[in-house]
Amino acid sequence: MIAIQAESTNPYQLAMQNFEKAADVLELKEDARAMIRSPERVLMVHVPVRMDDGHIECYEGYRVQHSTARGPAKGGIRYHPGVTVDEVKALATWMTWKCAVVNIPYGGGKGGVRCNPKQMSIHEIERLTRRYTSAILPIIGPDVDIPAPDVYTNSQIMAWIMDTYSMTCGHMVPSVVTGKPLCLGGSLGRNEATGHGVFVTVACACQHLKLRLKSAKVVVQGFGNAGSFSAHLLDGAQADVIAVSDSRGCAYDPDGLHIPKLMLYKERTGSVKGFPGSESITPEELLALDCDILIPAALENAIDGRNAGAVRAKIVAEAANGPLTPEADAILDEKGVFVIPDILCNAGGVTVSYFEWVQNEQHMTWDLAEVNSRLEKVMNRSFQEVLDLHQERKVSMRTAANVLAISRVVESNNFRGLYP
Ligand code: NAD
């Protein structure tokens, strides 16, 4: 039995617990751990924004570069009322491991602004974005640190970031951000890339567990970019997506929701709540539904020591970053649930971001088939590498992914001569 005590909800502390576990497997010495445990750079900024009614509001923002051992820092920007420096540090750390696990030549970074974009006008969000960009401008750039979308940021916001950066250079610099609109150097396939990567890893997991994807019951928590495209692709493969949720409510249909119609409904109404023909259930009931595949695709710590025991899925695919606390991990492990860890499961987004950056740097555009076939190759190979380590070392998929990632970062540091 696992004792249930109040566990930390600090994402950075939780990220560090998983780091130490993998470092133990690798028998890393303390000096090597110390070098990659803490972020290389943490920038905190205050962003004054003139609101539509004329008054000025000050927002706190961050940009964290956890590691540039393997290349420029790479990671999204989050606009959310819950943003803290420790959350951004955790997300930047996960980006380092994520880029390493799929073996793309980037380090890890992340940014965030504590704000509630749902209560701001489009003009206020534009002014916030331009001011925040100018505040972090000294530490971003195509060869230094390349932002991308994350929770409540999108291609429009990336376009404003690129424009603000480009204004200071006197010419357009598309490769300073990824996740841009297509007409400004965005890549085909980027919008759905995270969901596409989730889909590939879920298909690999089903194959490994000899579980049929066709008619498998799927539950998705968080119907935003990552969650909705994961659901859409699984629906396309004839899985039954029986329940989805967002911050406002849930939609449940035991016979399977019509995902294309639900996507249009969410676009029109702003929520999945009240989707015609669906039943409304509570977020707790959603996590406890009898299903084959559960996809947490919202925020960190969604499944913790208190609710993990209720999970009945065979596979948990972490489309979100850090949705399981270490205590939840232990409980799911004991129940025999196969967890596809975030740094592997949702790496499709950063992989196609990398493809976008490569296309921008080379002044080339790839067609969708090329983007998707390269993405599938990366995701299939990475899943297999993590699975091999999981089986060889007899560790969880999460520890295996962390071991693979951390060993690659340490190897880069060794070759660069950063260790004695
Ligand atoms: P998004 O803003 O497009 O969507 C977030 C969704 O989560 C929204 O539908 C929101 O309503 C919902 N949500 C928020 N709180 C919720 C709650 N308590 N319960 C249920 N739903 C809730 O964001 P996104 O880009 O899809 O990011 C979601 C997660 O995926 C984050 O953890 C993010 O870091 C991760 N991720 C995103 C990408 C990407 O390319 N977008 C890549 C890798 C990882």
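Counting convention: from 1, in listed order, for ligands and their atoms alike. The figures that follow rest on heavy atoms only: side chains count, while hydrogens, waters and symmetry mates do not.
- With atom 4 (O) of ligand 1 as the reference point, the heavy atom nearest to it among Ala298, Gly348, Gly224, Gly75 is part of Gly224.
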Verify salt bridge (charged side-chain N to carboxylate O under 4.0 Å, His left out) between Glu318 and Arg398, making sure each step is shown before the conclusion.
CA-CA 10 Å; Glu318 293 186 321; Arg398 184 182 317 286; 2.9 Å; yes

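- The nearest protein heavy atom to atom 18 (N) of ligand 1 is not closer than 4.0 Å.
- Side-chain polar atoms of Glu192 and His232 form no donor-acceptor pair below 3.5 angstrom.
- Protein heavy atom nearest atom 37 (C) of ligand 1, with residue, atom name and distance: Asp150 OD1, 4.2 Å.
- Considering each of Pro283, Ala347, Ser247, Gly349, the one bringing a non-hydrogen atom nearest atom 22 (C) of ligand 1 is Ser247.
- A heavy-atom distance below 4.5 Å is found between the side chains of Asn225 and Thr194.
- In this model, no donor atom of one side chain and acceptor atom of the other lie less than 3.5 Å apart for Arg63 and Tyr132.
- Where the criterion is an N or O separation shorter than 3.5 Å, residue side chain and backbone included, Gln221 fails it with respect to ligand 1.
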Stepwise salt bridge (charged side-chain N to carboxylate O under 4.0 Å, His left out) check, Lys314 with Asp292
CA-CA 5 Å; Lys314 297 184 184 75; Asp292 298 295; 2.7 Å; yes

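- Across every non-hydrogen atom of Thr201 and Cys345, the tightest pair is OG1-SG, 3.7 Å.
- With respect to atom 2 (O) of ligand 1, the closest heavy atom belonging to the protein is Tyr152 N, 3.0 Å.
- By the 4.0 Å heavy-atom criterion, Arg248 is excluded from the residues contacting ligand 1.
- When the options Asp246, Asn225, Val220, Val151 are ranked by their closest heavy atom to atom 41 (N) of ligand 1, first place goes to Asn225.
- Residue Asn346 has at least one heavy-atom neighbour below 4.0 Å for each of these atoms of ligand 1: 43 (C), 44 (C).
- In Glu300, neither the side chain nor the backbone holds a heavy atom less than 4.0 Å from any atom of ligand 1.
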